[in-house]
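Below: one structure, written as structure tokens.
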There are 2 protein chains.
Amino acid sequence: MPKGGARDTRQRLIDAGRKLIATRGFKGTSIRALTEEAGANLGAVTYHFGSKEGLYQAVLEEVVAPFRNQVLLIKDMPLPSLQRVEYFIRGMFQHLRENPDMPRFMVQEIVLGDSPGPQILEIIGLVAPVLIGIIHEGQASGTIRQGDPVLMALSTLSQPIYLSIMPPVLAGEELKKAGVPQPRLSPEDHAVEFVLRSLEAREEEDE
Amino acid sequence: MPKGGARDTRQRLIDAGRKLIATRGFKGTSIRALTEEAGANLGAVTYHFGSKEGLYQAVLEEVVAPFRNQVLLIKDMPLPSLQRVEYFIRGMFQHLRENPDMPRFMVQEIVLGDSPGPQILEIIGLVAPVLIGIIHEGQASGTIRQGDPVLMALSTLSQPIYLSIMPPVLAGEELKKAGVPQPRLSPEDHAVEFVLRSLEAREEEDE
DNA sequence: TTTCATATCATACAAACGTATGAATGAAAA
DNA sequence: TTTTCATTCATACGTTTGTATGATATGAAA
């Protein structure tokens, strides 16, 4: 087998990690399941990543990395605040469409264990200030209503994450049988309208 | 040891399950950790619940049960739609305050595994139609704007869940050091305003 | 070709896991 | 008291777990 083939195995292990850990969790995914999925030897994880935890960190890094740039892009867009919020939401939806496993990893990191890992904290530490900054700016210029910018940012962030996870759940057989209706609109368009209506200042309330 | 002491052990095991599984996950919590936390014998889980899965189901049931009534209460309140939405949000916040482990279990159930367990599906199948019904009614009477009632319900539900999980994360040491500010308002009041502003119909848009 | 570092392989190992078993215990029923 | 039965207990069993080991294979460098 080729020397350059190492990259292949390494990458296939990361791919297997993204696939399996996203839905089974870290503890619920064995090294044997990972190596089998990747078509690699049992020792491959230890060899390439040192440990199962090492592979997990690599997976997390790959899941999170492309999102960093996406955020920084929107950060410095010379647009009105509300429009930048819209771009932010749409950009996040697009990223979640291309990386449907990302919210699963984020949610696992946030809900399980004492505190999220460094990659997730870094992403939060990057995303939150950007959104908060946009909102703060909009408040200063009067296009966004008064209110706590931190909570407004959290509520905004919640929509792409939540609305990319829940509709598939509603589409499950049991819930359809129970008579739970399916969404008709695009979750993305809905999220934009839902958030912007909450954030925008109204004429009658100007101060 | 007393015969009635059985109930004690059984309940202590459920308590231990609520405490440990909420933050470590099902796979991440061993029977030995559970029985030790409960001050019970290793065999206690098998004896009282048949298996680890059996204990988990009992835990899930206890976490979810009191929420059922809460929902049914609001369902038939003779109030304007928007006000019922507000009561819904506040009721959910209160329940999450009293049962801070609930969102962790729900999130685990939804994110991990192929599909959520029956208890969670039941709760969703109960809550969603109620909220959707309220919204639909508000749209009929003109107090709630047009739009997909299912997505509106999802966005409404997202707020108590998300805003009861995230602020503690933001309060973590690493993020505070990174300069992420803390919320100043009460998340509950914010959520109510955020959602109601999104849902309410405005005069200028009346049709 | 020979050398050499890198990567893959089949195994092995100790630890942790969920579960099963049978004896001990002790309050209630006889 | 004796019997009974639900519960607790220490312990054991077979699997699965993450990791370690040493041999083998492979492509580039010498």
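Chain naming here is simple, since letters A, B, ... match the order of the sequence lines and numbering starts at 1 in each.
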* **Side-chain N or O of B:S30 closer than 4.0 Å to phosphate OP1/OP2 of C:dC17** => yes
* Asked: Just by modelled atom types, is the B:L121 backbone N or O under 3.5 Å from a matching donor or acceptor in the A:E174 side chain?
  -> no
* With heavy atoms under 4.0 Å as the rule, sort A:T35 into base, sugar-phosphate or nothing. => nothing
* Asked: Rounding to a whole Å, what distance do you find between B:K52:NZ and D:dT16:P?
  -> 15 Å
* Taking for each residue the nucleotide of DNA chain D bearing the nearest heavy atom, is the 5' side occupied by A:I31 or by B:Y47? -> B:Y47
* Asked: Atom CZ of B:R32 and atom P of D:dC13: how far apart are they, to the nearest Å?
  -> 14 Å
* Pair A:E193 + B:R145: basic N to acidic O under 4.0 Å -> yes
* Between B:N41 and D:dT7, is there a side-chain N or O to OP1/OP2 distance below 4.0 Å? -> no
* Taking only N and O in the side chain of A:T9, is any of them less than 4.0 Å away from OP1 or OP2 of C:dT8? -> yes
* Asked: Between C:dT6 atom C1' and A:R10 atom CZ, what is the distance in whole Å?
  -> 14 Å
* To do: May I ask you to decide if A:L196's main-chain N or O and A:E86's side chain share a donor-acceptor pair within less than 3.5 Å?
  => no
* Think B:H48 has a side-chain N or O under 4.0 angstrom from the OP1 or OP2 of D:dA6? -> no
* Asked: If only atom types and distance count, is the side chain of A:R12 paired as donor or acceptor with the main-chain N or O of A:A38 below 3.5 Å?
  -> yes
* In terms of the nearest nucleotide of DNA chain C, which residue is placed more toward the 5' end: A:L42 or B:F26? -> A:L42
